[in-house]
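Taking it in order: structure first as structure tokens, then the write-up.
We count residues from 1, following the sequence as given. Each ligand, and each atom within it, is numbered from 1 in the order the structure gives.
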Amino acid sequence: MSSLTKLKLLIAAPRGFCAGVDRAIRIVELAIERLGAPVYVRHEIVHNRFVVDALKAKGAVFVEELEDVPDGAPVVFSAHGVPKSVPAEAEARGLDYLDATCPLVSKVHSQAERLVAAGRHILFVGHRGHPEVIGTFGQVPKGRMTLVETVADVAALAPEEPDNLAFLTQTTLSVDDTAEIIAALKRRFPNIHGPRGEDICYATSNRQSAVKAIAPLCDAMLVIGAPNSSNSLRLVEAAERAGARAMLVQRGRDVDFGWLEGVSTLGLTAGASAPELLVREVVDRLAERYAVDEEQVETAREQMVFKLPRELQAA
Ligand code: SF4
């Protein structure tokens, strides 16, 4: 009989890769296959070191700005989206580029353009400095969009035309925090125009719902994801708010057995940019110390698949 301590492991489903991340990675892989290495990628294609390193090994070169891409080299734009100035600069330099922006982010870009064309000022709910926010702000002329991060920000707004506003949101926010901010916007600006719910994507909200279902049953919860992954950080928050201690880990070796002391039921999930391989790695690591009894808790089924860019469909 095993002398290992028993650990009940509740694994969230859905978890890990979303359709946008899957597509972005595939775009880089196909670009390398079709155009040959090196293929440059502006910014981490998705916020996960493991994914980035695997693509580097295949011939991708990651840079932060277009100026770091040599003339004549192909370049891919990350899933988070880019300001309009980036493809414009690539075209001006005659660079061959592929856009891996998630179609759900592109949808927000088009909405922003349409709202500004209709003369509205946009209040954008998001996190300052996140590449998706920078990309979305870069779809409209300067001064036509204002960032709102908190309910307190809503109270501080002083728009020139309070009856001519619209709101949009980042795709990877906390569903609950965003609902509060939108409610505050609607209270303060009753004529504000907005999408039916918000622009938080299906993958972000499904992963948060799965965590909310599991966390109350757990003593603690591990979230696999990168520290710069917005949707992964939101999963840690969701678990904590649902009553479980929660910790972000990047991979198996980050599991802190001291932190797990006294835990008999552990929850496990992964952010939208974390590959399933890392989930198995974490389970294997846990199995070094515990007799792990795994159970998958499915709260939704995802079937979303996004088409590849036209240039690669033919490949
Ligand atoms: S998290 Fe959502 S918006 Fe971001 S890449 Fe995935 S599906 Fe697209």
Side-chain angles (χ1 to χ4, degrees), residues 12-30 41-52 55 62 76-83 98-112 124-127 129-139 167-178 195-212 223-238 248 269-276 278-279 299-309 312:
R15 62 176 176 276
F17 276 8
C18 59
V21 163
D22 231 14
R23 173 179 180 269
I25 294 169
R26 196 70 198 119
I27 289 173
V28 178
E29 287 172 343
L30 282 173
V41 183
R42 185 187 175 280
H43 194 68
E44 287 188 333
I45 185 76
V46 300
H47 285 155
N48 190 280
R49 185 111 301 270
F50 185 87
V51 170
V52 166
L55 290 172
F62 290 85
V76 179
F77 304 145
S78 82
H80 313 97
V82 289
L98 286 160
D99 190 355
T101 302
C102 175
L104 299 181
V105 174
S106 300
K107 191 174 134 200
V108 179
H109 289 181
S110 320
Q111 284 172 327
F124 189 77
V125 186
H127 296 297
H130 190 279
E132 184 185 325
V133 175
I134 295 168
T136 305
F137 267 71
Q139 304 306 309
F167 73 85
L168 292 172
T169 80
Q170 191 179 331
T171 56
T172 51
L173 300 177
S174 150
V175 171
D176 297 338
D177 289 351
T178 307
R196 210 176 309 145
E198 71 302 281
D199 303 297
I200 295 174
C201 75
Y202 79 97
T204 297
S205 57
N206 283 350
R207 280 151 192 68
Q208 286 175 23
S209 301
V211 164
K212 284 185 206 164
V223 177
I224 303 171
N228 57 344
S229 159
S230 172
N231 81 85
S232 305
L233 295 174
R234 304 293 81 80
L235 295 178
V236 173
E237 280 172 10
L248 187 74
T269 188
S273 39
E276 184 62 15
L278 296 179
V279 175
T299 51
R301 232 169 242 190
E302 293 179 346
Q303 277 156 349
M304 191 78 84
V305 179
F306 295 134
K307 277 197 197 137
L308 288 168
L312 292 176

Quiz item: Asn231 and Gln208: side-chain donor and acceptor closer than 3.5 Å?
Solution: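 Gln208 and Asn231 do not have a side-chain donor-acceptor pair below 3.5 Å.
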Give me the residue, atom name and distance of the protein heavy atom closest to [atom].
atom                    : answer
atom 3 (S) of ligand 1  : Thr171 OG1, 3.3 Å
atom 8 (Fe) of ligand 1 : Cys102 SG, 2.3 Å
atom 2 (Fe) of ligand 1 : Cys201 SG, 2.2 Å

Exercise. Answer yes or no: is there an ion pair linking Glu302 with Arg15, defined by an N-O contact shorter than 4.0 Å?
Key: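 Result for this pair is no, no salt bridge flagged.
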Quiz item: Should the pair Asp176-Lys212 be classified as a salt bridge under the 4.0 Å nitrogen-to-oxygen rule?
Solution: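 Judged by the 4.0 Å cut-off on N to carboxylate O distance, Asp176 and Lys212 do form a salt bridge.
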Quiz item: At what distance, to the nearest 0.5 angstrom, does NE2 of His130 lie from CG of Asn228?
Solution: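 Reported value, rounded in 0.5 Å steps: 7.5 Å.
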Quiz item: From Cys18, does some N, O or S atom reach closer than 2.8 Å to atom 8 (Fe) of ligand 1?
Solution: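 Checking Cys18: none of its N, O or S atoms is under 2.8 Å.
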